[in-house]
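Data first, discussion second: the structure below is written as C-alpha cells.
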Amino acid sequence: MAGVETRSVERDSLFLMADVRLEGATQTERIKVRNLSSGGMMGEGDIAVSRGSRIVVALRNVGEIDGSVAWVQGNRFGVSFASEIDPKAPRTSVTKGNADLASPRYTRPLTTYEDPARLRKL
C-alpha cells in the first residue's frame with residue numbers, strides 16, 4: 001500500500017517560518033513550516049525533537065498552539081495540534097500599518113499607499 005494517501009485531513013503545502021519551543025523550555029527555535037492543516041503541520045529545522053515530545057508552535061496570525069510530535073524523519077517532523085486552527089490564517093497578510101519587518105521583504109504583503117500623488121518622484 002505504499003504511495004496510498006491514508007490521511008483524511010486536507011493539508012496546504014506552503015512555506016512559512018514559525019517559532020517552536022519544547023514544553024518547559026524558554027528558548028525558541030526558528031523552523032520552516034512545509035505543510036499545514038487544521039489539526040497539525042510538518043516542520044523542518046535543527047531542533048532536537050523526538051516522537052511524543054510536547055511542543056509549543058507560534059504561527060503568524062494564529063499565536064501559540066500546543067502540540068505533540070507525531071513523527072520524526074531527519075530534520076523534518078510532524079506535529080499534531082492539541083486544538084484545531086484555521087490553516088488559512090497564517091497565509092493572510094498582517095494588519096495594515098503593522099509591517100512584519102522581521103520577515104524577508106519578498107514574503108511581506110504589498111504596501112499600498114492611500115494617495116500615490118503624495119509620493120516623491122526619484
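The analysis underlying the following values was restricted to heavy atoms, covering all of them including side chains, and did not include hydrogens, waters or symmetry mates. Fair warning: this is a prediction, and the values are worked out from it, not measured in the lab.
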Query raised in the report: Looking at Ser37 and Pro87, what are the two nearest heavy atoms and their distance?
Result: C-CB, 3.9 Å
Query raised in the report: Can any side-chain N or O of Asn61 pair as donor or acceptor with the backbone N or O of Ala89 at less than 3.5 Å?
Result: yes
Report task. Drop me the distance from Ser38's OG to Lys88's NZ, to the nearest 0.5 angstrom. Result -> 11.0 Å
Query raised in the report: When rounded to the nearest 0.5 angstrom, what is the spacing between CZ in Arg34 and CG in Leu16?
Result: 10.5 Å
Query - Any donor-acceptor N/O pair, Arg60 side chain to Pro90 backbone, under 3.5 Å - result: yes
**Report entry** Same apolar cluster: Val56 and Met17, side chain cutoff 4.5 Å
**Finding:** no
Report task. Find out if a path of hydrophobic residues (ILVMFWY) with successive side-chain heavy-atom gaps under 4.5 Å connects Val62 to Ile31. Result -> yes
Report task. Please check if atom CZ in Arg51 has more than 12 non-hydrogen atoms from other residues, nucleotides or ligands closer than 6.0 Å. Result -> no
Query raised in the report: In Å and rounded to the nearest 0.5 Å, what is the CE to OG distance from Met41 to Ser80?
Result: 11.5 Å
Report summary line: In this structure, CG of Asp66 is separated from CD1 of Ile55 (nearest 0.5 Å) by 9.5 Å
Report task. Output the distance between atom CG (Asp46) and atom CZ (Arg30), rounded to the nearest 0.5 Å. Result -> 14.0 Å
Requested in this report: For Arg76 and Glu44, indicate whether the former's side chain and the latter's backbone hold a donor-acceptor pair under 3.5 Å.
Outcome: no
Requested in this report: Taking all heavy atoms of Leu22 and all of Ser53, pick out the closest pair and write down the distance.
Outcome: CD2-CB, 4.3 Å
**Report entry** Spacing of CG belonging to Leu59 relative to CD1 belonging to Ile85, to within rounding of 0.5 Å
**Finding:** 5.5 Å
Report task. Answer yes if Val72 and Phe81 sit in the same cluster of Ile, Leu, Val, Met, Phe, Trp and Tyr residues linked by side chain heavy atoms under 4.5 Å apart, and no otherwise. Result -> yes
Query raised in the report: What's the verdict on side-chain contact (heavy atoms from CB on, under 4.5 Å) for Val79 and Val20, showing C-alpha distance, side-chain angles and the deciding distance?
Result: CA-CA 11 Å; Val79 176; Val20 174; over 6 Å; no
Query - Student check: side-chain heavy atoms of Gln27 and Glu29 closer than 4.5 Å - result: yes
Query raised in the report: What's the shortest heavy-atom distance between Ser50 and Val69, and which atoms?
Result: O-CB, 3.5 Å
